[in-house]
Structures are given as C-alpha cells and as structure tokens.
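These notes are about the structure you will find just below.
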There are 2 protein chains.
Amino acid sequence: MEKVLLGHGSGGRIMHSLIRDRLAPAFEMDALSDAAIVDAGSCGRLAFTTDSYVVSPLFFPGGNIGDLAVFGTVNDLSVSGAEPLYISSGFIIEEGFSMDQLEKIVSTMADAAKRAGVRIVTGDTKVVDRGKGDGIFINTSGIGVLREGVSLGSTMIKPGDRIIVSGFIGNHGVSVMAERNGLTFDPPVLSDTAPLNGLVKDMLDVCKDIRIMRDPTRGGVATTLKEIASESGLCFLIDERTLPVTGGVRGACELLGLDPLYIANEGILIAVVPQYASDRLVDAMRRHKIASESVCIGEVFDPAASGLVTAPASGTVLLKTSAGGTRVIDMLAGEQLPRIC
Amino acid sequence: MEKVLLGHGSGGRIMHSLIRDRLAPAFEMDALSDAAIVDAGSCGRLAFTTDSYVVSPLFFPGGNIGDLAVFGTVNDLSVSGAEPLYISSGFIIEEGFSMDQLEKIVSTMADAAKRAGVRIVTGDTKVVDRGKGDGIFINTSGIGVLREGVSLGSTMIKPGDRIIVSGFIGNHGVSVMAERNGLTFDPPVLSDTAPLNGLVKDMLDVCKDIRIMRDPTRGGVATTLKEIASESGLCFLIDERTLPVTGGVRGACELLGLDPLYIANEGILIAVVPQYASDRLVDAMRRHKIASESVCIGEVFDPAASGLVTAPASGTVLLKTSAGGTRVIDMLAGEQLPRIC
C-alpha cells in the first residue's frame with residue numbers, strides 16, 4: 001500500500017507530484033503558485049494563501065515558529081504582487097506543551113505582525129493528545145489586495161530577462177539544522193526570516209513590469225528556479241560565482257554535506273525582471289536592510305535560439321560553476337531537510 | 001510550570017480563557033466570533049475565518065475529516081452573514097499515512113466544496129515524522145463576502161427575541177464517539193456535517209433583522225447559548241421539551257454518560273431572531289432538507305425586568321427542564337469530548 005513519505009513534505013520533486021497529480025486535480029486549482037488570485041465580486045482581485053508550519057526545533061537562531069508563520073504567509077502574498085492585510089492563526093498544540101513557550105511564540109507572532117504591518121484577525125486552537133503532535137504546529141492563512149496594474153506570472157518571462165536574488169542564500173535552513181544537531185557556528189548563522197512586503201512594494205514602484213517573484217523556501221533557490229523555468233518554457237543560465245553565500249553557510253554546508261542552492265530561505269526573494277530595469281531594481285533593493293546583498297545571478301534564454309550544438313530542453317536551469325563547467329540544476333528530489341518550516 | 005491541557009482545545013470554559021486571556025490580547029483581536037469581519041480597502045467588507053481539524057477517528061458514520069473541514073469553515077462564514085466563496089486547505093500529514101486514505105479525504109473535500117458552492121483555491125502540504133502527528137490534520141481557512149444590509153451581532157439582541165435551533169442536536173459528537181469506542185447503534189447515529197450557506201441565505205431573505213447566528217460545534221448548544229447570552233448582557237430561557245434530540249442520540253448519551261446539550265454539532269445553527277419574524281423563519285427553515293426539524297427553543301429576557309424574586313445575573317441561560325424545574329446552563333467546563341472536530 002502506497003504511503004506518504006517525509007519527502008512528500010519537503011518541497012522537492014515528490015511533493016510536487018503529490019500536489020500536481022493528486023491534490024490540484026481534485027480541487028481543480030493551479031498547483032504551484034504561492035498565493036491564489038481570486039475574484040471577490042465587487043471586491044476586485046484578492047490574493048489568498050495558506051501555509052502550515054511544522055518546523056523542528058520550534059526555536060532556532062534568529063527566530064522561532066511564530067515569526068516564521070507570520071512572515072512566511074506575508075511573503076507568499078507579497079511575491080504574488082499583493083499588499084498583505086490580514087492573517088489568520090490556527091494552532092494545533094500537543095497536550096503538555098509549556099504555556100510559557102506558547103506565550104513566547106504568540107508574542108513573537110504579534111511583534112512580527114506589527115513589523116510587517118498586517119493584522120492577525122482570526123484564530124483557532126486545537127489540542128491533541130500527548131504523542132499525537134509535536135509541541136505546536138501553526139497554520140497561517142492570509143489575504144492581500146492585488147496592486148493595480150501588476151500582473152505577475154511565468155508566462156510574462158522573455159529571453160534576455162535578468163534573474164535577481166535579494167540576499168544571502170541558505171541561512172534559514174542552516175540555522176535550523178544547526179540547532180537540531182546541537183552545532184554552533186562563530187559567528188552564528190541566523191535564520192533570515194523577515195517580511196518581504198516593504199521590499200516588494202519598492203521594487204514594483206521602480207518597475208511594474210517585473211515578470212515574476214517567488215520566495216525560495218522549501219527546496220531552496222534551485223528548486224524555485226527550476227519551477228519558474230519549467231513554467232516559462234524557457235531556460236535559465238545562472239552564474240555560480242554571483243550567488244551570495246556567507247562563509248558560515250558555506251562552511252556549515254560542507255560540514256553537513258548540503259548544497260546551499262537547495263536550502264530553505266525565509267527572507268529572500270527571487271525575481272525575474274526585464275533587462276532594462278535590472279540595474280535600477282538591484283540598486284533600489286540594496287537600499288533595503290534585508291536586501292543589501294541583492295544581485296543579478298543570471299539570465300533567461302530561449303533554448304531554440306541558444307546557438308548551442310545540443311540545445312537544452314525547455315525549462316532547463318544551467319549553472320555555470322565557479323570551476324568553469326556547466327551543470328544542470330534540478331528540483332530537490334526527495335528530502336534534504338525535513339520540517340525546515 | 002503551566003502546561004496546555006486537552007481541555008484547552010475542547011471549546012469550553014478553559015479554552016475560552018486561553019483565547020480571551022492570552023491569544024486575543026496579544027493579537028488585539030475579537031475573541032470569540034466565528035469569523036472576522038475585515039475591511040479590504042475598495043473591496044468592502046469581507047469575512048475571514050480559520051479552523052484546524054484534528055478529529056479522531058478520521059472516518060466516522062456520516063462523514064470524514066474532509067467534509068468536516070470544508071463544511072466547518074463554510075459554516076463559520078455563513079453564520080457571520082457572509083456568502084462563502086474561497087477555501088484554503090493546509091494538510092499536516094504523518095509519515096506513513098496511507099495514500100489511499102489521503103485520496104479519499106481529498107475527494108470528499110472536493111465533493112463537499114461542490115455541494116457548498118465554494119472553491120478550494122490554495123493549499124499547502126507538510127509531512128511530519130512518524131509519531132509526531134496523528135494520520136492527518138487539516139486546516140481550512142475561508143473568505144466570504146458580507147451580504148449587503150446584514151449586520152449580525154450579540155449587541156443587536158433584544159428582550160422578547162426568540163431562539164431557534166435548525167435541527168437535531170448531538171448527532172456529530174455521538175457519531176464520532178461511537179466510532180471511537182467501537183459502538184454501533186441501530187439505526188446508526190450519523191454526523192450531521194453539512195453546509196449551512198444555503199439555509200442562511202434563505203433565512204436572511206426572509207428577515208434581514210436576524211440578530212445573530214452561530215453554529216454550535218465544540219461545547220455544543222449549551223456552550224454556544226451561554227456565549228451569546230454573556231455577550232448580549234441579557235438572559236435566555238430555554239424549554240428543554242422543545243429541544244430536538246433523536247432517540248438514538250438520547251440513548252447513546254445515557255449509555256456514555258453525556259449530555260446532548262454539550263455535544264458538538266456540525267450541520268445546525270442557532271439563531272436569535274426578532275419575535276415578529278420567528279414563525280416565518282421557522283417555516284422557511286423547515287423547507288430545507290438539513291433544517292426540517294427547525295424549532296423555537298426559547299426566548300430572551302431582561303433580568304432586571306424578569307419579575308423573579310431573585311433576578312438572575314445578566315448572561316444567565318436558564319433551562320426549564322422536562323420535569324418542570326429550572327436549572328442554570330453553563331459553558332462546558334473542561335473537556336467532554338476531545339478531538340471531536
């Protein structure tokens with residue numbers, strides 16, 4: 001009998017097949033966008049999204065499940081081009097969980113909502129028997145209003161577009177893994193958990209023609225790039241030397257046998273933008289505290305017009321490595337880091 | 001060190017204190033309504049709600065966690081006076097859960113959404129290690145558009161108003177308890193899980209002045225009545241002889257030592273309505289298949305004008321028992337039926 005595996009939750013290829021082949025068809029919904037864009041009658045276009053947070057451990061350097069849950073949903077709305085407004089919070093608490101820890105998490109959520117400028121307006125609390133949960137799981141759903149004149153989507157991507165990442169990659173995943181394994185780094189690797197709505201607003205002020213934005217959470221930058229490229233039908237060429245990775249993350253990855261490209265992030269975004277606006281966008285982004293390391297990491301090309309002897313299949317992501325070679329980037333296959341968010 | 005108890009999740013008094021004293025103040029939100037009414041800029045007024053479902057067992061006579069999750073959120077929106085439109089689904093699945101059961105649940109959710117006329121537009125899937133969950137937990141959040149001219153709330157309640165219940169009470173809770181304990185009844189007691197949006201629409205067509213509606217889920221009819229009475233500052237007098245209880249539920253409650261008034265329901269509502277519209281509303285409601293047993297169960301009175309020698313405190317719910325006495329109805333204190341939804 002077929003069973004659900006841990007890898008079905010880790011953002012990679014087998015999670016995608018679960019969603020694409022089983023869930024999305026049943027619900028007749030689009031499979032992979034961060035938020036649904038819905039028509040609310042006279043209300044116009046809203047963005048609506050949901051995420052459950054099951055991160056383990058609950059507290060990690062730089063954050064805890066509380067800010068992760070608020071910022072994660074704020075970010076899903078933000079990268080879909082919406083202004084996040086309202087958040088719901090659904091708690092599933094294991095019997096025996098410390099009331100002190102619950103209060104710490106709740107107060108972190110309240111602070112996070114203030115920082116992001118959203119309101120937590122509705123909630124629900126369930127308690128399950130000891131041994132039937134794991135401390136606390138939090139679902140947050142969110143509503144945002146779509147900005148006028150903004151229409152993001154992978155179909156907008158054109159050859160020559162530039163690919164931007166807004167900050168150091170891999171920090172969230174490494175901070176959680178370090179905490180889980182009792183490792184400490186000097187200086188410590190902190191989760192990058194942060195709200196992206198202010199950054200996105202400024203980016204759209206600079207250029208309304210941004211093609212698409214995504215926050216590379218589960219599965220990391222590689223999986224997100226592969227998702228976008230596949231949807232666009234075009235190919236991406238990424239220059240490994242431009243990828244912003246701190247020494248701490250690089251060292252931790254070598255120690256733990258991980259690839260920073262596949263590690264979850266919670267406070268950065270990837271944007272595909274028109275070439276003409278790329279430099280101006282990077283400049284504007286760098287003025288943000290959470291995006292001071294913004295950089296163009298690659299570009300979009302049409303495989304049919306690539307001039308390569310063997311043209312890559314559409315949807316291919318190529319990485320020009322620091323060593324000078326080129327390798328194909330695929331989605332995270334199974335499970336690299338379970339319960340990272 | 002203070003810890004979270006099972007009773008913190010069962011809809012009764014200690015859950016209310018957790019929400020009222022700790023969660024609601026932190027988030028600066030209204031504590032107990034089924035859905036938040038929010039202003040979405042040019043979008044007007046929306047209703048937004050969330051609920052996590054942790055029912056055990058997952059399958060029970062008359063339904064499973066899937067339709068429960070869809071109808072529960074549809075109903076929270078409905079009783080707040082909104083037309084439910086969009087639902088999100090967040091799955092937390094335990095590693096090793098059967099893919100067959102997942103598909104059954106997903107297909108039940110899809111059917112439930114069709115029946116209720118809502119769309120499941122966004123979703124999320126997380127997997128937790130074996131032993132850190134319990135098969136599957138589902139969060140659904142929902143968005144609805146508030147009907148024009150409808151303004152429900154406990155402050156609208158006036159002395160002389162009538163209290164209506166839309167159907168047999170206790171069926172959902174008894175069906176889950178029976179399944180959990182391996183009991184079967186003849187005829188079987190089926191969960192009443194059903195969408196209330198059609199019923200609510202027809203009720204509001206008959207009378208826009210309905211004061212308030214609630215679906216009496218966790219904590220049952222008694223807890224919901226006590227909630228509404230407390231918020232209104234008035235008192236309710238309920239006539240036990242009018243309460244619709246099937247022989248099956250009555251028998252099961254005697255067997256299990258339960259009180260039908262405190263048992264969860266998933267397909268009925270309680271409405272407080274102006275006296276002048278009460279009969280017309282009951283007539284209209286009875287034309288609905290899911291509300292054919294609708295009945296007026298009591299009325300609202302002003303304790304200061306009650307003429308009783310010792311006036312009850314405001315917010316008191318009195319039950320005139322079948323035996324001719326009168327008793328005070330309070331909220332469910334701790335935990336009668338954990339994980340009932």
Side-chain angles (χ1 to χ4, degrees), chain A residues 1-6 8-9 15 18-19 22-23 26-27 29 35-36 38 40-44 46 48-52 54 85-86 88-90 92-93 95-100 102-103 106-107 110 120-129 131-134 137 139 141 143 145 338-339, chain B residues 1-6 8-9 15 18-19 22-23 26-27 29 35-36 38 40-44 46 48-52 54 85-86 88-90 92-93 95-100 102-103 106-107 110 113 120-129 131-134 137 139 141 143 145 339:
Chain A
M1 195 180 62
E2 208 185 348
K3 288 180 185 303
V4 175
L5 309 173
L6 260 186
H8 279 118
M15 186 186 91
L18 172 70
I19 295 174
R22 299 180 195 245
L23 303 181
F27 297 155
M29 70 183 179
V38 297
S42 63
C43 287
L46 296 174
F48 182 30
T49 189
T50 193
D51 256 315
S52 297
V54 299
L85 293 176
Y86 302 107
S88 66
S89 67
I92 298 175
I93 309 174
E95 185 187 9
F97 187 63
S98 140
M99 200 65 92
D100 278 356
L102 177 61
E103 291 205 334
V106 165
S107 119
I120 300 173
V121 291
T122 186
D124 174 57
T125 308
K126 293 291 187 324
V127 181
V128 295
D129 337 44
K132 301 294 186 184
D134 195 15
F137 301 141
N139 177 284
S141 301
I143 302 179
V145 173
R339 300 187 59 189
Chain B
M1 195 180 61
E2 207 184 350
K3 288 181 185 302
V4 175
L5 309 173
L6 259 186
H8 280 118
M15 185 184 93
L18 172 71
I19 295 174
R22 300 182 194 243
L23 303 182
F27 299 155
M29 70 182 178
V38 297
S42 63
C43 287
L46 296 174
F48 182 30
T49 190
T50 192
D51 255 315
S52 296
V54 299
L85 293 176
Y86 302 107
S88 67
S89 67
I92 299 175
I93 310 175
E95 186 188 10
F97 188 62
S98 139
M99 201 63 94
D100 278 356
L102 177 62
E103 290 206 335
V106 165
S107 120
I120 300 172
V121 291
T122 186
D124 174 57
T125 308
K126 293 290 186 329
V127 181
V128 295
D129 337 44
K132 302 292 186 184
D134 195 13
F137 302 140
N139 177 283
S141 301
I143 303 179
V145 173
R339 301 188 58 190

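So you know, we letter chains A, B, ... as the sequences are listed, proteins then strands, and number each from 1.
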Name the member of B/Leu102, B/Asp100, B/Leu5, B/Ile92 that forms the most heavy-atom pairs with chain A at distances under 4.5 Å.
B/Ile92
With no hydrogens and no angle check, is any side-chain donor or acceptor of B/Asp134 less than 3.5 Å from a backbone partner on A/Lys132?
no
Under 4.5 Å from a heavy atom of chain A, the part of B/Ala113 involved
neither
Which residue, A/Leu46, A/Val38, A/Ile143, forms the side-chain contact (heavy atoms from CB on, under 4.5 Å) with B/Tyr86?
A/Val38
If you tally heavy-atom pairs under 4.5 Å against chain A, which of B/Val106, B/Asp124, B/Val54, B/Thr49 wins?
B/Asp124
Results of salt bridge (charged side-chain N to carboxylate O under 4.0 Å, His left out) for A/Asp51 - residues two or more places apart only:
B/Lys126
Between the OG1 atom in B/Thr50 and the CD1 atom in A/Ile120, the distance rounded to the nearest 0.5 Å is 11.5 Å
With chain B, the option among A/Ser107, A/Ala35, A/Ser52 that has the most non-hydrogen atom pairs under 4.5 Å is A/Ser52
Assess whether side-chain contact (heavy atoms from CB on, under 4.5 Å) is satisfied between B/Ser141 and A/Asn139, documenting all intermediate values.
CA-CA 9 Å; B/Ser141 301; A/Asn139 177 284; 4.2 Å; yes
With a 4.5 Å limit on heavy-atom distance, are the side chains of B/Met99 and A/Val4 in contact?
yes
Using a cut-off of under 4.5 Å for heavy-atom pairs, which of A/Gly96, A/Ala110, A/Gly90, A/Ala26 has the most such pairs with chain B?
A/Gly96
If I compare all heavy atoms of A/Phe27 with all of B/Ser89, which pair ends up nearest, and what's the gap?
CE1-OG, 3.6 Å
To the nearest 0.5 Å, how far apart are CD in A/Glu2 and OG in B/Ser98?
9.0 Å
Between chain B and each of A/Leu18, A/Val128, A/Ile93, count heavy-atom pairs under 4.5 Å; write down the option with the most.
A/Val128
Ring-plane angle category for A/Phe137 and B/Phe137, please: parallel below 30°, perpendicular beyond 60°, tilted otherwise.
tilted
Applying salt bridge (charged side-chain N to carboxylate O under 4.0 Å, His left out) to A/Asp129 and not counting sequence neighbours gives B/Arg339
Segment of B/Glu103 engaging chain A (4.5 angstrom heavy-atom cut-off):
side chain
